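A short write-up of the structure that comes next.
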Amino acid sequence: MSKEVLLLVKSLSDTKGIDQNVAFQALEAALVMATKKRYGADWDVVVKVDRESGVHTTTRHISIVADEDYLIEGAQLNITEALAQGMQVKVGDVVESPIESVSFGRIDAQAAKHIILQKIREAERLEVVNIFSDKVGQLFTAVVKKVTREWLLLDLGFSAEGLLQRSEMLQTDAFRIGDRARAYLYDVHYEPRGPQLFFSRTQPGMLIELFRIEVPEIGEQIIQVMAAARDPGIRAKIAVKTNDGRIDPIGACIGMRGSRVQAVSNELGGERVDIVLWDDNPAQLVINAMAPAEIQSIVVDENLHSIDIAVKPEQLSQAIGRNGQNVRLASELTGWTLNVMTPDEIETKAAVEQGSYQDFFAEKLNLEEDIAAILVREGFTTLEEVVYVSIEDMLAIEEFDEDIVAALRERALEAIAHEAEARKSTIKPAADLLTMEHMTEDLAYRLAENGIISMEDLAELAIDDLLEIDTDLSEERAAQLIMKAREPWFASDK
C-alpha cells in the first residue's frame with residue numbers, strides 16, 4: 001500500500017507538474033471521505049500520510065461539550081460522560097484518539113480520482129491567481145477562446161483564462177474565435193470554478209496603459225498621467241504633466257503628425273482623445289479640461305466642491321457637448337462638479353445667493369442690511385466663520401472696528417448656541433446612549449445630530465468615524481466609548 005501511494009504521488013507530480021505535497025493532500029482528502037463512509041459522515045477524522053514511507057494513520061477528534069448542548073453523534077461527547085470514562089478534560093477540549101485506518105484498496109476509485117483531480121485543479125487555479133495578482137493594471141494580448149452573447153473567454157496561455165464581459169467592451173468591438181484581443185486586467189480573485197481574471201476595454205486604465213506603450217516619456221516617468229475620463233469608443237480626456245521644462249507633455253503625447261494619439265485612437269475604435277495639461281490649481285485645470293470652449297469666468301465653491309463656469313452664449317452648446325459629454329468628461333477628469341452657464345446666468349445666481357446670505361445674517365445676527373452686506377461682500381457664508389475667523393482679519397475690513405467685531409462674534413456665538421438647543425429639542429438620543437457610562441450629555445446630543453441615536457448605533461462605529469463627529473475626543477476616549485457600547489454584544493455571546 002505504501003509503495004502504491006508513493007508511486008501515485010510521483011506520477012501525479014511528474015505528469016501534472018504540481019507540488020508533491022498537493023498530491024499528498026489530495027490523497028488524504030480521499031482517505032478522509034472513505035473513512036467517513038465507514039464510520040459516519042459526522043465523524044471528525046484526520047488522515048495523515050507519511051511523506052517518506054507512504055504509511056497513513058487516522059485520528060478521530062472528539063469535542064467535549066456541556067451536558068445541555070446538542071450532541072453530534074460521533075463528533076462530540078458531553079462532559080459528564082467524559083468524566084465518567086476517566087478523562088481529565090473540561091468543556092471546550094478536543095480529545096484525539098487513533099482509529100483503524102481504511103485500506104487504500106477499499107477506496108472508491110472514482111471518488112478518489114475526483115478529489116485528487118479537484119485538488120490539482122485548485123492548485124493550478126491558485127497558481128494562476130498568484131502569478132497575475134501583481135499584474136493588475138496592465139495590458140495583455142490574448143486569443144479569443146469562446147464567444148457568447150454576454151462575454152468573451154480569453155486564453156492567455158499557461159492554463160490562464162480571462163473574462164471580457166460585453167459591458168466592458170466597446171460597441172464597435174467584434175471579435176471571433178481565434179482573434180487576438182488587447183484588454184486591460186482590472187481584477188483578479190480566486191474562484192473554485194470559472195474565470196478568475198477580469199478584463200476591460202472601457203475603463204480609463206486601458207487608455208492610460210495604451211499611452212504608456214505609445215509614449216516612451218510616460219514609460220520613463222518623464223511625463224506623468226494624472227487622470228483620465230472616457231466615454232468609451234466615442235471620446236476621452238487625459239491629463240498629463242511633466243517636471244522637465246524642456247518637454248511639451250501634450251506635444252509628446254500627440255506625436256509627430258498625431259501618430260501617437262492616432263495609434264491609441266485606432267486601438268479604441270476611433271475614440272477621440274483630448275490631451276489636457278494638468279494644473280494643481282483646480283480653476284486652471286477646469287479651464288484646460290473644458291477646451292476647446294473658452295471660459296469667461298469661474299466661481300469656485302469649495303464647500304460644495306463645485307465650480308460654476310461662464311461661457312459666451314454662442315459657445316454654450318460646445319462647452320456642454322453632445323448629451324453633456326464635454327462637461328461630464330471634464331468633471332470626471334478634474335473631480336469637481338461643473339455647472340456651465342452664461343455670464344448673465346452666473347451674475348443672476350450670484351445676486352440671488354448674495355441676497356440670501358445677506359438676509360441670513362440680517363436675521364440670525366439681528367443686523368442692519370449694510371453690515372450684513374459687508375459680511376457677504378467679504379466672503380462670509382456661515383455663522384461659524386464669523387466666530388472662528390481671526391480678530392485681526394475681521395479688523396482688516398475697512399468698515400469694522402473692535403466694537404463691531406466683538407458684537408458680531410458675540411451674536412454669532414449666541415445664534416450657534418440657540419441653533420444647537422433647537423436641534424436638541426427635535427433630535428434626542430435614546431436613553432441607553434444618554435445614560436451610558438463615560439458618556440456626556442453634550443456628546444450624546446452631538447452623536448444624535450449625526451444619526452447615532454442608540455448604544456447599538458455607537459457600537460457599529462469605527463474609532464475614526466467617532467473622531468470625525470467629535471474632533472476634541474482622543475483616540476483612547478473614543479475606543480473606550482465604542483467598547484462600552486459593544487459590551488452587550490459580548491454578553492449575548494456568553
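Since the model is a prediction, treat every value here as computed from it, not as a measurement.
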Derivation and outcome, side chain to side chain contact (heavy atoms under 4.5 Å, CB included), residues Asn243 and Lys241: CA-CA 7 Å; Asn243 294 322; Lys241 67 174 290 189; 4.1 Å; yes

Which heavy atom of [X] sits nearest to which heavy atom of [Y], and what is that distance?
X	Y	value
Leu185	Phe132	CD2-O, 3.9 Å
Ser200	Thr202	OG-N, 3.0 Å
Val128	Ala160	CG1-CB, 3.9 Å
Pro204	Ala228	CB-O, 3.8 Å
Val188	Val136	CG2-CG2, 3.7 Å
Arg409	Val389	NH1-O, 2.8 Å

Are the side chain of [X] and the backbone of [Y] linked by a donor-acceptor contact shorter than 3.5 Å?
X	Y	result
Asp470	Leu467	no
His418	Leu413	no
Asn323	Gln325	no
Asp457	Ile453	yes
Ser454	Ala430	no
Lys237	Ala289	yes

Rounded at 0.5 Å granularity, tell me how far [atom1] in [X] sits from [atom2] in [Y].
X	Y	atom1	atom2	answer
Gln76	Ile64	CD	CD1	9.5 Å
Ile208	Gln203	CD1	CD	10.5 Å
Tyr445	Asn450	OH	CG	15.0 Å
Met436	Met455	CE	CE	5.5 Å
Ile287	Ile309	CD1	CD1	8.5 Å
Leu268	Met206	CG	CE	5.5 Å

*asked:* With a 6.0 Å cut-off on the ring centroids, do Phe140 and Tyr184 count as close?
replied: no

Heavy-atom distance under 4.5 Å between the side chains of [X] and [Y], does that happen here?
X	Y	value
Thr59	Ser97	no
Val95	Leu77	no
Leu365	Leu375	yes
Ile295	Val311	yes
Glu456	Leu433	no
Val240	Phe211	no
Ser331	Trp336	no
Val129	His189	no

- Val144 and its side chain to side chain contact (heavy atoms under 4.5 Å, CB included) partner, picked from Leu153, Asp155, Leu152, Leu164: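 It is Leu152, the one option of Leu153, Asp155, Leu152, Leu164 that forms the side chain to side chain contact (heavy atoms under 4.5 Å, CB included) with Val144.
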
**OP:** For a side chain to side chain contact (heavy atoms under 4.5 Å, CB included) with Leu481, tell me which candidate from Thr440, Leu466, Leu447, Ile463 qualifies.
**Re:**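 Exactly one candidate clears the test, Leu466.
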
Quick one: do Val225 and Ile218 satisfy side chain to side chain contact (heavy atoms under 4.5 Å, CB included)? Show the steps, please. CA-CA 7 Å; Val225 178; Ile218 295 177; 3.8 Å; yes

Just wondering, more than 12 heavy atoms not from [X] lying within 6.0 Å of its [atom1]?
X	atom1	result
Arg166	CZ	yes
Gln171	CD	no
Asp244	CG	yes
Glu475	CD	no

Strictly by modelled atom types, are Asn326 and Arg235 linked by a side-chain donor-acceptor pair under 3.5 Å?
->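 Present: a donor and an acceptor within the cut-off.
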
Run the salt-bridge test on [X] and [Y] with the 4.0 Å N-O cut-off and return the result as yes or no.
X	Y	value
Glu449	Arg446	no
Glu437	Lys484	yes
Asp231	Arg328	yes
Arg411	Glu414	no
Glu168	Arg201	no
Arg60	Glu96	no

Apply side chain to side chain contact (heavy atoms under 4.5 Å, CB included) to residues Leu154 and Phe199 and explain how you reach the verdict. CA-CA 9 Å; Leu154 304 179; Phe199 289 87; 4.2 Å; yes

| message | For a side chain to side chain contact (heavy atoms under 4.5 Å, CB included) check, start with the C-alpha distance between Ile374 and Phe380, then their side-chain angles and the critical distance, and finish with the verdict. | response | CA-CA 9 Å; Ile374 293 170; Phe380 289 87; over 6 Å; no

